2 protein chains.
Amino acid sequence: MDGLTINQAAATTGWSPRMLRYLESTGLVTPPRTASDYRIYGPGELQRLRTLRNLLDSQEIEISDVGFAQRMRSQPDLQSAVEGWLDAPIAPPEGVADTADWLRFEQDKHERLLALAGGAS
Amino acid sequence: MDGLTINQAAATTGWSPRMLRYLESTGLVTPPRTASDYRIYGPGELQRLRTLRNLLDSQEIEISDVGFAQRMRSQPDLQSAVEGWLDAPIAPPEGVADTADWLRFEQDKHERLLALAGGAS
DNA sequence: GGAACCTTACCACGCCTCTGTCAGGGTTGT
DNA sequence: ACAACCCTGACAGAGGCGTGGTAAGGTTCC
């Protein structure tokens with residue numbers, strides 16, 4: 001044994017043992033195990049637990065948020081998809097000749113939908 | 001008026017009017033308003049709504065996740081705090097002479113805590 | 001001026017997150 | 001061998017998210 005058990009780690013970090021297991025289930029802090037499946041918290045894990053607590057306290061964020069950030073880290077396609085959406089301009093796309101044309105097109109579409117819903121014979 | 005009303009926008013994007021208002025409350029899609037507070041969805045907002053739907057469908061993601069990503073965008077200190085935590089090494093910090101010393105220190109700390117909890121006279 | 005639309009503000013429901021607690025069974029240390 | 005610890009799995013409850021509905025009141029169009 002070269003590390004703390006879950007209750008010892010809980011006592012020194014301020015997390016409850018339940019939460020340490022929960023954090024492991026989210027993939028945020030994953031301690032190694034002994035041969036008989038006891039969790040072993042080394043200095044690295046303890047540091048990570050303490051700084052995680054600081055992070056959650058200082059910023060207004062939740063565990064699941066950090067989990068999502070980690071997920072974006074490991075899935076580049078997800079990251080590029082999200083950032084692509086965020087970076088997309090709010091301005092209208094070019095290629096439609098005139099705003100008035102576009103507007104008429106969309107409003108007609110709306111009326112077609114209403115017609116479908118209403119007087120479908 | 002040079003844009004669609006909320007019901008028209010809902011019909012062409014597939015979102016419900018309720019959800020368009022909800023998305024505005026999360027800050028993800030914020031249409032401008034008329035003088036009498038009607039929401040006006042222009043081509044840009046419609047595009048954004050459709051691509052948001054694509055994003056949520058294609059990736060395994062929730063609205064609040066996108067909201068969090070946007071929040072990290074606009075708050076650089078939050079972003080650096082989260083990424084700093086994610087990038088922190090799992091390895092023990094240097095500076096402690098010996099792992100055995102550290103271990104003894106932490107375990108002693110544990111016992112002090114137990115003593116406080118148990119036999120506080 | 002009335003129908004059809006828009007606004008905000010609530011209530012409600014199902015699901016998920018976070019957190020605690022407990023039961024049944026295996027492991028460690030003295 | 002016995003206390004004290006660890007494991008998993010389950011139930012439970014507070015609170016937030018995503019979504020729908022509905023009511024009371026202003027706006028727009030014919």
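Bear in mind that the values here come from a model prediction, so they are computed numbers and not experimental data.
Taking atom CG of residue B:L28 and atom C1' of nucleotide D:dC17, one finds them 13 Å apart after rounding to whole Å. When rounded to the nearest whole Å, the span between OH of B:Y22 and P of C:dT7 equals 18 Å. The CZ-P distance, from A:F68 to C:dC16, rounds to 18 Å in whole Å. Straight-line distance from the CD1 atom of A:I40 to the P atom of C:dT27: 15 Å, rounded to whole Å. Note: CE (A:M19) to P (C:dT19) measures 4 Å, nearest angstrom. Atom pair A:L56:CG and C:dT17:P shows a separation of 16 Å (rounding to whole Å applied). Going from atom CG of B:L23 over to atom P of D:dG18 covers 9 Å, rounded to whole Å. Put simply, OH on A:Y38 is 11 Å from C1' on C:dG29, counting in whole angstrom units.
Residue A:W15 has its side chain nearest to C:dT19 when only D:dT19, C:dG20, C:dT19 are considered.
For the OP1/OP2 pair of D:dT27 and a distance below 4.0 Å, the side-chain nitrogens and oxygens of B:T34 include no atom meeting the criterion. The side chain of B:S64 places no N or O atom within less than 4.0 Å of a non-bridging phosphate oxygen (OP1 or OP2) of D:dG16. One finds no side-chain N or O of B:S36 lying less than 4.0 angstrom from the OP1 or OP2 phosphate oxygen of C:dT7.
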I'd like a table of donor-acceptor pairs (distance under 3.5 Å, sequence neighbours excluded) in which one partner is a side-chain atom from residues 64-72 of chain B, with atom names and distances.
{"unit_1": "B:D65", "atom_1": "OD2", "unit_2": "B:E62", "atom_2": "N", "d": "3.1"}
{"unit_1": "B:R71", "atom_1": "NH1", "unit_2": "A:E60", "atom_2": "O", "d": "2.8"}
{"unit_1": "B:R71", "atom_1": "NH2", "unit_2": "A:E60", "atom_2": "O", "d": "2.9"}

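With sequence neighbours excluded, no residue forms a side chain to side chain donor-acceptor pair (under 3.5 Å) with B:D57. B:S74 is linked by a side chain to side chain donor-acceptor pair (under 3.5 Å) to nothing, counting only residues two or more places apart in sequence or in another chain. Judged as a side chain to side chain donor-acceptor pair (under 3.5 Å), and not counting sequence neighbours, the contacts of A:S36 are A:T34. With sequence neighbours excluded, no residue forms a side chain to side chain donor-acceptor pair (under 3.5 Å) with A:D77.
A salt bridge links A:R33 with A:E24: the distance from a Lys NZ or Arg NE/NH1/NH2 to an Asp or Glu carboxylate oxygen falls below 4.0 Å.
Projected onto DNA chain D by closest heavy-atom contact, B:T26 and A:I6 fall at different nucleotides, the more 5' of which corresponds to A:I6.
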Quick one: what's the B/S/- string for nucleotides 8-13 of chain D, heavy-atom cutoff under 4.0 Å, read 5' to 3'? B-----

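Residues A:R53 and A:T13 have side chains not in contact (no heavy-atom distance under 4.5 Å, counting atoms from C-beta outward).
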